[in-house]
Amino acid sequence: MTAETSQTLDRGLRVLKLLADTDHGLTVTELSNKLGVNRTVVYRLLATLEQHALVRRDLGGRARVGLGVLRLGRQVHPLVREAALPALRSLAEDVGATAHLTLVDGNDALAVAVVEPSWTDYHVAYRPGFRHSLDRGAAGRAILAGRGPDVELGPGYILTHGELEAGASGAAAPMLGVTGIEGSVGVVMLTDSVPTQVGDRVVHAAQEVADALR
């Protein structure tokens, strides 16, 4: 550190870089060890970063990069949507259902990109900006299932029925391997159950979006 630099700012930026380099978040103790400072300093840094939505802490106390990091660059969200749209458009047309990319925003799941099929007589209306809790709906449940060192999803996707809209079923797969972004790709359709082939197609689309965002 030189006389012209801020030690606190430097540590805050180092926290963000450390969190951006992990998919599973870090505890206060882990950050303290990596930074070489005591836990009290880490708590203060995290509290300040949380106030600006640059960091969030899950129910287990692990700190992760917050969606506020994306808001720092005004063009980042549009770029995320732009990167995801080809895969979402292909998914919607292939299965005849509304496809969406959902990201974590605090304790909510937030739809940031939606594509509706062009050839169906009817489909579920779903709009960017729609949010719901992470523990309801296929999109949020898929994000939760994608957390942790060992992802256990069974067939690779999550299925739900009637949790967010009566009569609608959803299938979603977590978007894995994208540093600093937690999200899922899914479809919602007016049916009692989602066919297996649709679930498999959702997993493929989630991988396509993840590849586009790396």
Side-chain angles (χ1 to χ4, degrees), residues 16 18-27 30 53-70 76-77 79-81 83-85 87-88 90-92 95 97-115 126 128 130-161 163-164 169-189 194 196-214:
L16 290 176
L18 287 170
L19 296 179
D21 287 338
T22 176
D23 294 328
H24 315 303
L26 294 170
T27 66
E30 290 169 336
L54 299 177
V55 165
R56 60 184 178 79
R57 278 181 275 188
D58 60 27
L59 295 178
R62 302 187 74 85
R64 301 169 186 270
V65 173
L67 210 57
V69 171
L70 296 181
V76 172
H77 249 191
L79 287 173
V80 171
R81 288 195 293 270
L85 281 176
L88 294 180
S90 177
L91 175 61
V95 305
T98 302
H100 52 84
L101 167 66
T102 299
L103 300 182
V104 171
D105 186 16
N107 293 319
D108 292 338
L110 175 67
V112 298
V114 176
V115 175
Y126 204 80
F130 178 68
R131 67 172 62 235
H132 55 86
S133 61
L134 286 171
D135 60 355
R136 296 184 65 245
R141 291 182 184 273
I143 291 171
L144 292 177
R147 291 178 174 176
D150 298 312
V151 178
E152 296 182 3
L153 282 171
Y157 53 87
I158 296 293
L159 299 177
T160 59
H161 177 70
E163 290 195 3
L164 298 178
S169 293
M175 197 172 58
L176 303 174
V178 183
T179 300
I181 298 179
E182 277 191 299
S184 67
V185 172
V187 295
V188 56
M189 54 178 54
V194 177
T196 300
Q197 62 269 27
V198 172
D200 293 338
R201 182 65 181 81
V202 166
V203 173
H204 179 69
Q207 184 61 56
E208 287 184 312
V209 174
D211 290 342
L213 291 173
R214 289 195 183 99

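Values reported hereafter were calculated over all heavy atoms of this structure, with side chains retained and with hydrogens, waters and symmetry mates removed.
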Measure across [X] and [Y] and return the closest heavy-atom pair with its distance rounded to 0.1 Å.
{"X": "Ala87", "Y": "Ala205", "answer": "CB-O, 4.2 Å"}
{"X": "His100", "Y": "Ala139", "answer": "CE1-CB, 3.7 Å"}
{"X": "Leu54", "Y": "Leu16", "answer": "O-CD2, 3.7 Å"}
{"X": "Val202", "Y": "Ala173", "answer": "CG1-N, 3.6 Å"}
{"X": "Gly140", "Y": "Ala109", "answer": "CA-CB, 4.2 Å"}
{"X": "Pro174", "Y": "Gly156", "answer": "CD-O, 4.1 Å"}

Any side-chain heavy-atom pair of [X] and [Y] under 4.5 Å:
{"X": "Val80", "Y": "Leu101", "answer": "yes"}
{"X": "Tyr157", "Y": "Thr196", "answer": "yes"}
{"X": "Val114", "Y": "Phe130", "answer": "no"}

For the side chain of Arg131 and the backbone of Asp108, is there at least one donor-acceptor N/O pair under 3.5 Å apart?
no

Would you say Arg214's side chain and Val178's backbone share a donor-acceptor pair under 3.5 angstrom?
no

Atom pair [atom1] ([X]) and [atom2] ([Y]), whose distance is rounded to the nearest 0.5 Å:
{"X": "Thr27", "Y": "Arg57", "atom1": "OG1", "atom2": "CZ", "answer": "11.0 Å"}
{"X": "Ile181", "Y": "Leu176", "atom1": "CD1", "atom2": "CG", "answer": "13.0 Å"}
{"X": "Leu18", "Y": "Glu30", "atom1": "CG", "atom2": "CD", "answer": "10.5 Å"}
{"X": "Leu88", "Y": "Arg81", "atom1": "CG", "atom2": "CZ", "answer": "11.5 Å"}
{"X": "Ser184", "Y": "Leu103", "atom1": "OG", "atom2": "CG", "answer": "8.0 Å"}
{"X": "Ser133", "Y": "Glu163", "atom1": "OG", "atom2": "CD", "answer": "9.0 Å"}

I would like to know whether Val187 and Tyr126 meet side-chain contact (heavy atoms from CB on, under 4.5 Å); could you show each step before the answer?
CA-CA 10 Å; Val187 295; Tyr126 204 80; over 6 Å; no

Decide yes or no on side-chain contact (heavy atoms from CB on, under 4.5 Å) for Asp58 and Arg147, but give the supporting numbers first.
CA-CA 11 Å; Asp58 60 27; Arg147 291 178 174 176; 4.1 Å; yes

Test side-chain contact (heavy atoms from CB on, under 4.5 Å) applied to Glu208 and Leu91, step by step
CA-CA 10 Å; Glu208 287 184 312; Leu91 175 61; over 6 Å; no

What's the verdict on side-chain contact (heavy atoms from CB on, under 4.5 Å) for Arg62 and Thr22, showing C-alpha distance, side-chain angles and the deciding distance?
CA-CA 11 Å; Arg62 302 187 74 85; Thr22 176; 5.9 Å; no

Counting only heavy atoms not in Asn107 (residues, nucleotides, ligands), do more than 12 fall under 6.0 Å from its CG?
no

